[in-house]
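Each chain gets a letter, A, B and so on, in the order the sequences are listed, and its residues count up from 1.
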Amino acid sequence: MEEKNAGAAPSNFIHGIIERDIEQGLYGSKVHTRFPPEPNGYLHIGHAKSICLNFTTALKYKGLCNLRFDDTNPEKENAEYTESIMEDVKWLGFAWGERLFYTSDYFEKLYGYAETLIRKGLAYVDDQSGEEIKKNRGTLTEAGKDSPFRNRSADENIQLFHEMRDGKYPDGAKVLRAKIDMSHSNITMRDPALYRIKRASHHRTGDKWRIYPMYDFAHCLSDSIEGITHSICTLEFENNRPLYDWILSSLEILMPPKQIEFARLNITHTVLSKRKLLRLVKENHVSGWDDPRMPTLSGLRRRGYTPESIRDFCERIGVAKTNSTIDIALLEHCVREDLNRRARRVMAVLEPLKVVIENYPGGKNEEIEAVNNPDDERAGTRKVPFSKEIYIERSDFMEDPPKKFFRLGPGREVRLKHAYYVKCESFTKDASGKITEIRCSYDPATRGGDSPDGRKVKGTLQWVPAAHAAPLEIRLYDHLFASPEPESGDDDFVSKLNPDSLKIITGAVGEPCLAGAEPGETFQFLRTGYFCADKDSRPGKTVFNRTAALRDSWAKISNTK
RNA sequence: UGCGGGGUGGUCUAAUGGUAGGACAACGGUCUUUGAAGCCGUCCGUGGAGGUUCGAUUCCUCCCCCCGCAGCCA
């Protein structure tokens, strides 16, 4: 059959390339990828796209994926970052097995490759200052000028390179450069730096090295050392691909890995660059890398996002070469969809309004049975205490409600979820006009929420028993940036932060079971949203982060009027 | 005005010579012991001009627009 063979169809252009390579027997028809983060910050959802791509590609073609820390710049990197990165990759659901590597593992080998390049007359030590090198590089339209040190003998270059390693020269005094072509139309190829002197302590190799390889030199060789077949990276490295290939071919590396570039992820209402995220942290615009408003994996985790929802998102956005910005609504959709399936439903009230049920006996206490998830019987049921005084959401009562308002108002009857029909008989206000208390009657025949006489009500409200209310602090999050594309335009992106990205509600209450919620536990607060218990919780005050709100069509109706 | 990439509904993404499809968003309806979810429907697209062809998103030519590159960052 000619049918689009289900499993074998390439799911993106990279898989198309790989399938062609497999067919042609390239790399022995094996696939080996790697995720190569620099440990200079926390992973964000943009990295998740790359992680998912690399790991699932390997999985799909029965290959392997390595985790490799690209740690060639000790001044910016540290062990805190490597640990958080490993934690985040694991949390996302991927395993690198025994294949945890560091570019710094290869420093000695890399040094040897550099010597080989020098002996072949393909690299030289340049004494020009950084300023001079920059000046002589030329421009986009003008060729560069050869360095006066470009034609040193191989022996002299080897000796100088050894001296660089031995610490004979200060930072910046010399640099090892590839000898390619100072008039190349691709500026990357104008004798790029391969090694620089940096008398910095490295988080893994300590003070052993005074010279460190540059990305372009280290990356392609690390890939080849690990037997990587397809080296997947982002678009901004496209110009570097000729250099990637030049180094490997100059060193006569067999079966050179193939670099393939794809478009990095952008999302509306946030920023995804480590530099910018670091600034938000350093300038205290957020509480840290794991602030629930941050697009970091640690932030999303704390916010209540599940690894499954993030993986689903990464699959849905696709992999292509077109620059694109994904609507953050898609991310939110993914987490709602996942949580809708799994989250236990409970009742909580963000702004409590007391309701006294006048005809309910004062000393009476009963337990109402409530299902935990209407779409999943296995989630079971729980008991919720019920007595004369309860709390409902302040916004669920209107003194003078419009016709389309289905909730409580004078003389109106509604259902208390799982419990009884109640009817508003009266209410009281304080001097300022604020409603202070609602007085209702209930219909004992409607226990469980059904009326035997077939009487219908339009609204169903969540409620919390006043005597057993668990005090909650709720943190309501909105987009970090008010502007959909904070990086566009000339203004500093920080000026586009959303001043209302965090709203803290201290007086909320919830069902008694919420008092004991463990950090990371997720619930759907009926009619309100998905909430995740936070590590800031303390006895007497459970803290919840709102992961995502539920759709609110009443808000829409009332807003458009 | 160098080189390298890229242009499909509002946003992503399929279709590679044969009915432009899907998702998210928006809008409307339906259902409902969550005004949730679900279900149904609507709106909306091949950057432009030529050419080849019975037929072009796909192939050719020219043009336009967008992104990246001048770190001893990655």
Carboxylate-amine/guanidinium proximity below 4.0 Å for [X] and [Y]:
X: Asp245(A); Y: Arg241(A); value: no
X: Glu38(A); Y: Lys76(A); value: no
X: Arg382(A); Y: Glu369(A); value: no

Listed nucleotide nearest any side-chain atom of [X], set [options]:
X: Arg196(A); options: rA23(B), rC73(B), rU13(B); value: rC73(B)
X: Leu550(A); options: rA74(B), rU34(B), rC24(B); value: rU34(B)
X: Ala193(A); options: rC72(B), rA74(B), rC73(B); value: rC72(B)

Answer with base, sugar-phosphate or nothing: what part of the nucleic acid does Gln524(A) contact at a heavy-atom distance below 4.0 Å?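 Base, at least one base heavy atom under 4.0 Å.
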Classified by glycosidic angle (syn within 90° of 0, else anti), rG71(B) comes out syn
Answer yes or no: does a side-chain N or O of Arg137(A) lie under 4.0 Å from OP1 or OP2 of rC72(B)?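 So the side chain of Arg137(A) is within the cut-off, an N or O lying under 4.0 Å from OP1 or OP2 of rC72(B).
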Any strand, both distances under 3.5 Å, Watson-Crick or G-U wobble: rG2(B) pairs with rC69(B)
Classify the ring geometry between Trp209(A) and Phe107(A) as parallel (under 30°), tilted (30 to 60°) or perpendicular (over 60°).
perpendicular
Tell whether Arg407(A) reaches the base of rG35(B) with its side chain through a donor-acceptor pair below 3.5 angstrom.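 Looking at the base of rG35(B), it does pair with a donor or acceptor on the side chain of Arg407(A) (distance under 3.5 Å).
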